[in-house]
Amino acid sequence: MNLQLSEEHLMIQKAARDFAQNELKPGVIERDEHQKFPAEQIKMLGELGFMGMMVDPKYGGSGMDTISYLLAIEEISKVDASASVVLSVNNSLVCWGLEHFGSEDQKQKYLVPLAKGEKIGAFCLSEPEAGSDATSQRTTAIDMGDHYLLNGTKNWITNGSTASTYIVMAQTDVSKGSRGINALIIERGMEGFIVGAKENKLGIRGSDTHTLLFNDVKVPKENRIGDDGIGFKFAMKTLAGGRIGIAAQALGIAGGAYELALEYSKVRSAFGKVISQHQAIQFKLADMATEIEAARLLVYKAAWDKDNGHDYGTSGAMAKLYASKVAMEVTVEAVQVHGGYGFVKEYHVERLMRDAKITQIYEGTSEVQKIVIARSVLG
Ligand code: COS
């Protein structure tokens, strides 16, 4: 495994970093305060090729590797995790799922505009009573011959009201359990599809999280992804890659808070010297730097597994479990280094601390990652 980033990786990293500093940072506090979706910035990121980074250029994507994608997510998350989750869901759940499991017609119709950033996608698995216990889908897709009749509710859906294309998991044959679940492509505007209430969240407040309601939505058979009954496996395989994206988001949130704490420690004085000269602060910075480096190696290892055709379910789960823990710890310490200033919005670290928490919850809680890892180590 080569730990050296290529020239191309460094260029992508710099492009994402510049974009985050120039386009995302200026309004990030206000968007967080007012729960405002970064619509303009997401459009620009689409035009720059960040919405379908790993998709084959023949389907409108940028044809890059997983490391490139993670570097972009990491840099954007240092500044605005509400923007990076839009990228993460679109790239690694919706585009990846369609490219690897969709039919040629589905790719032309749905993947191309998503990869070009002309449209936004959403991935709909969670339900009021099926979060971690994802096989217990209550949303039903009854086979009516030429179409499915979709009924049910999905919860906490990222890009809920901004998406145009939704991949919805639903139970077709309850007697078959997880093998009776299908993944269906739903378009915004289909009759009976209602975007419900927006969530008022602790963190990633600029991202647009909604309940979705499906009342007798007629979904054409050609909108089913893959063979009948593969919906749960589709969701699990897709989430395995998504989790690496969220691990990179956590890494970015931690890195952003650390960089702010480091800078602040060099300009703030107390007891007659800058606080970076106090060992209490030096030890915090040393711990933060070490934890971030360890998380980074786990994240890159998972990406390397994915890019080299190895199984990445376990390494991705390890990366997400560890990086999200580091994100929480580092952001809490970054607030502490800032003292009273850390507790107010203008210094950014309190937002990063609030944003960090979701990385331990979505795309599989830390407990779910431990289930995945334990199953792997126990065989
Ligand atoms: N890849 C392919 N198939 C997988 C898989 C994976 N990563 N994980 C599970 N499966 C398959 C299993 O092989 C099994 O198939 P068979 O019946 O053909 O053997 C089927 O899916 C059911 O799996 P399992 O019995 O392991 O399901 P469990 O109910 O025990 O659930 C966990 C397993 C908890 C790991 C799963 O439900 C999960 O990941 N939950 C969290 C979901 C999540 O991330 N939610 C967030 C939503 S997106 S914000």
Side-chain angles (χ1 to χ4, degrees), residues 81-82 84-94 96-97 100-101 121-139 152-160 163 166-183 199 201 203-204 207-212 225-247 249-250 302 305-306 309-321 324 355 357-379:
S82 297
S84 69
V85 71
V86 181
L87 258 67
S88 178
V89 167
N90 202 74
N91 274 284
S92 51
L93 296 184
V94 185
W96 191 90
H100 289 83
F101 293 90
F123 185 86
C124 314
L125 177 67
S126 300
E127 297 188 355
E129 290 173 79
S132 294
D133 183 11
T135 57
S136 298
Q137 295 286 305
R138 300 269 169 90
T139 298
T153 304
K154 292 289 172 182
N155 262 29
W156 311 292
I157 303 303
T158 301
N159 303 336
Y166 300 74
I167 299 180
V168 178
M169 267 47 74
Q171 190 81 50
T172 294
D173 186 345
V174 78
S175 71
K176 291 186 181 158
S178 69
R179 297 181 197 187
I181 293 171
N182 278 311
E199 301 292 352
K201 308 190 296 291
I204 56 163
S207 94
D208 167 51
T209 313
H210 284 259
T211 298
L212 304 178
I225 298 177
D227 293 338
D228 184 30
I230 67 124
F232 190 72
K233 281 195 165 68
F234 162 84
M236 288 297 112
K237 285 194 169 157
T238 306
L239 276 167
R243 287 168 182 167
I244 313 177
I246 300 304
Q249 182 188 46
D305 281 340
K306 184 160 174 284
H310 300 293
D311 176 65
Y312 52 91
T314 308
S315 55
M318 286 177 172
K320 183 179 183 289
L321 174 67
S324 59
D355 288 350
K357 186 60 203 170
I358 193 61
T359 65
Q360 294 185 306
I361 298 173
Y362 60 16
E363 299 201 20
T365 59
S366 294
E367 291 73 16
V368 162
Q369 308 312 323
K370 287 182 191 180
I371 293 175
V372 172
I373 297 162
R375 283 180 179 180
S376 162
V377 298
L378 289 167

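Atoms within each ligand, like the ligands themselves, are counted from 1 in listed order. Below, each value reflects all heavy atoms present in this structure, side chains not excepted, and no hydrogens, waters or symmetry copies.
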Do [X] and [Y] have a side chain donor and acceptor closer than 3.5 Å?
X      : Y      : result
Thr359 : Ser324 : no
Glu127 : Thr139 : yes
Asp228 : Asn182 : yes
Lys154 : Thr211 : no

>> If the cut-off is 4.0 Å to any non-hydrogen atom of Thr135, which atoms of ligand 1 fall inside it?
In response: 27 (O), 29 (O)
>> Within the 4.0 Å heavy-atom shell around Leu239, which atoms of ligand 1 are there?
In response: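 The list of qualifying atoms is 43 (C), 44 (O), 48 (S).
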> What's the verdict on side chain to side chain contact (heavy atoms under 4.5 Å, CB included) for Ile373 and Leu321, showing C-alpha distance, side-chain angles and the deciding distance?
Replying inline: CA-CA 10 Å; Ile373 297 162; Leu321 174 67; 3.8 Å; yes
Would a 4.5 Å heavy-atom cut-off, applied to side chains only, mark [X] and [Y] as touching?
X      : Y      : result
Leu378 : Ser376 : no
Tyr362 : Ile204 : yes
Phe234 : His100 : no

>> For ligand 1, which is the ligand I care about here, please tell me if Ile371 has any N or O atom under 3.5 Å from one of the ligand's N or O atoms.
In response: no
Provide, to 0.1 Å, the distance between [atom] and the closest protein heavy atom, together with that atom's residue and name.
atom                    : result
atom 1 (N) of ligand 1  : Lys237 CG, 3.6 Å
atom 24 (P) of ligand 1 : Arg375 NH1, 3.9 Å
atom 17 (O) of ligand 1 : Arg179 NE, 3.0 Å
atom 47 (C) of ligand 1 : Ser126 OG, 3.4 Å
atom 23 (O) of ligand 1 : Phe232 CE2, 3.8 Å
atom 7 (N) of ligand 1  : Met236 CB, 3.7 Å
atom 35 (C) of ligand 1 : Val372 CG2, 4.1 Å
atom 37 (O) of ligand 1 : Ser132 O, 3.3 Å

> Does atom 32 (C) of ligand 1 have a protein heavy-atom neighbour under 4.0 Å away?
Replying inline: no
> Is the shortest distance from atom 12 (C) of ligand 1 to a protein heavy atom below 4.0 Å?
Replying inline: no
>> In this structure, does ligand 1 have an atom that sits under 4.0 Å from one of the heavy atoms of Ala240?
In response: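 Judged by the 4.0 Å heavy-atom criterion, Ala240 does not count as contacting ligand 1.
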> Would you say Gly131 contacts ligand 1, with heavy atoms under 4.0 Å as the rule?
Replying inline: yes
> Short question: side chain of Asn155, backbone of Ser126 - any donor-acceptor pair under 3.5 Å?
Replying inline: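 Not confirmed, Asn155 side chain does not pair with Ser126 backbone.
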> So which bit of Glu367 gets within less than 4.0 Å of ligand 1, heavy atoms only: side chain, backbone, both or neither?
Replying inline: neither
>> Heavy-atom distances under 4.0 Å decide this one: backbone, side chain, both or neither, for Trp156 against ligand 1?
In response: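 It is neither; nothing of Trp156 touches ligand 1.
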>> Please determine whether a side-chain nitrogen of the Lys or Arg among Lys320 and Glu363 lies less than 4.0 Å from a carboxylate oxygen of the Asp or Glu.
In response: no
> Nearest 0.5 Å, what's the CD-CD distance between Gln360 and Gln369?
Replying inline: 11.0 Å
>> As a check for students: among Lys154, Lys370, Lys233, Glu363, identify the option with a heavy atom nearest to atom 49 (S) of ligand 1.
In response: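 It is Glu363 whose heavy atom sits nearest to atom 49 (S) of ligand 1.
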